[in-house]
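Okay, so here's the structure we're looking at.
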Protein chains: 2
Amino acid sequence: MVKGFRKNIGETIKKYRLATHMSQMELAGKIGISYQQLQKYEKGINNISISRLKQISEALKIPISSLLEGQETERVAEDISEYGLSKEEKTLLDLFRKIDNKDIRRGLILELKGIVEILKKK
Amino acid sequence: MVKGFRKNIGETIKKYRLATHMSQMELAGKIGISYQQLQKYEKGINNISISRLKQISEALKIPISSLLEGQETERVAEDISEYGLSKEEKTLLDLFRKIDNKDIRRGLILELKGIVEILKKK
DNA sequence: GACAAAAACAACCATTAGTTGTATTATGCG
DNA sequence: CGCATAATACAACTAATGGTTGTTTTTGTC
């Protein structure tokens with residue numbers, strides 16, 4: 001699954017391999033697999049594991065990140081602020097902390113439980 | 001092969017998962033695999049492909065690089081998971097996160113604002 | 001055109017990624 | 001406490017694929 005992704009990486013590998021004038025056999029030899037297997041990587045037929053990718057990056061003398069180029073998600077941590085809380089969650093917490101009345105806080109928790117309970121049954 | 005590497009990544013995944021208060025089931029659900037399979041990733045039993053890692057990083061809302069760089073990211077995750085929430089606050093957040101309906105979440109925030117407003121006037 | 005070397009294609013096997021099912025361990029809740 | 005239920009761990013199995021070798025096709029270059 002997620003084939004397009006795989007293929008992309010394979011092409012990137014090939015690109016860097018050619019850039020250093022290495023044949024499939026050479027590179028494959030360095031990382032200890034058959035060149036036919038390397039072909040599969042480059043063509044996106046087989047999945048590439050992290051450890052494999054690291055070996056390849058070392059053989060090509062480039063950082064892993066170079067092989068991941070174009071793969072990194074753009075809007076990664078867009079709405080994540082400190083402590084791994086989303087803005088909305090932070091707002092919630094900030095408001096909640098302003099409620100100094102214990103009973104009201106308890107009540108709110110109960111209300112949430114109720115809502116969650118109802119939503120669960122749908 | 002190259003087991004140690006794999007395991008490290010699994011542990012990093014786990015740390016980030018816990019940091020965002022996600023259960024194995026939740027995260028596994030988001031990326032479309034069984035939670036048992038996720039366990040294997042976290043325990044380093046199964047290899048993790050690049051595409052899979054990307055899915056995971058997206059589900060956790062962190063860049064892939066965070067999962068790749070062993071040590072450095074470990075500490076970050078540690079910090080995240082240890083932010084000082086009271087038990088009550090944690091409960092609140094956990095419940096809030098179970099509400100997948102955006103409007104309901106919004107409504108709750110508004111309600112809190114109202115409550116805070118009223119309390120202020122006393 | 002000939003000849004190698006490099007790359008593609010194919011068929012096959014061994015490993016494992018991924019599944020479901022069950023067991024165990026927390027975590028509430030009355 | 002004691003019971004329920006969520007969360008995690010463990011086991012057994014199967015389908016998929018990672019990886020192999022063998023053969024064909026392409027790509028030079030002399």
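Lettering follows sequence order; numbering is per chain, from 1.
- Heavy atoms of A:S23 sit under 4.0 angstrom from primed sugar atoms or phosphate atoms, though from no base atom.
- Looking at B:K40, its side chain comes within 3.5 Å of the base of C:dG18 through a donor and an acceptor atom.
- Dashed line: the shortest gap from a side-chain N or O of A:Y41 to OP1 or OP2 of D:dG19 is under 4.0 Å.
- You'll find the side chain of B:N47 stays beyond 4.5 Å of the side chain of A:R52, heavy atoms only.
- Phosphate contact (OP1/OP2 of D:dG19, side-chain N/O of A:S34, threshold under 4.0 Å): absent.
- Side-chain proximity of B:Y35 to the nucleotides C:dC9, D:dC10, D:dT8 is greatest for D:dT8.
- Residue-to-nucleotide contacts include a donor-acceptor pair under 3.5 Å from the side chain of B:Q36 to the base of C:dG21.
- OP1 or OP2 of C:dA7 lies within a sub-4.0 Å distance of a side-chain N or O belonging to A:R17.
- Contact between the side-chain N/O atoms of B:K43 and the OP1/OP2 oxygens of D:dT8 is not found at any separation under 4.0 Å.
- In this structure, A:L110 stands alone, with no Ile, Leu, Val, Met, Phe, Trp or Tyr side-chain heavy atom under 4.5 Å from its own, directly or through other members.
- Taking only distance into account, the side chain of A:Q24 never meets the base of C:dA6 through a donor-acceptor pair shorter than 3.5 Å.
- Note on B:R52: every side-chain N or O is 4.0 Å or more away from OP1 and OP2 of C:dA17.
- With respect to B:E58 and B:K54, a salt bridge is recorded, a charged nitrogen being found less than 4.0 Å from a carboxylate O.
- Checked by distance alone, B:Q39 brings no side-chain donor or acceptor within 3.5 Å of a matching partner on the base of C:dG18.
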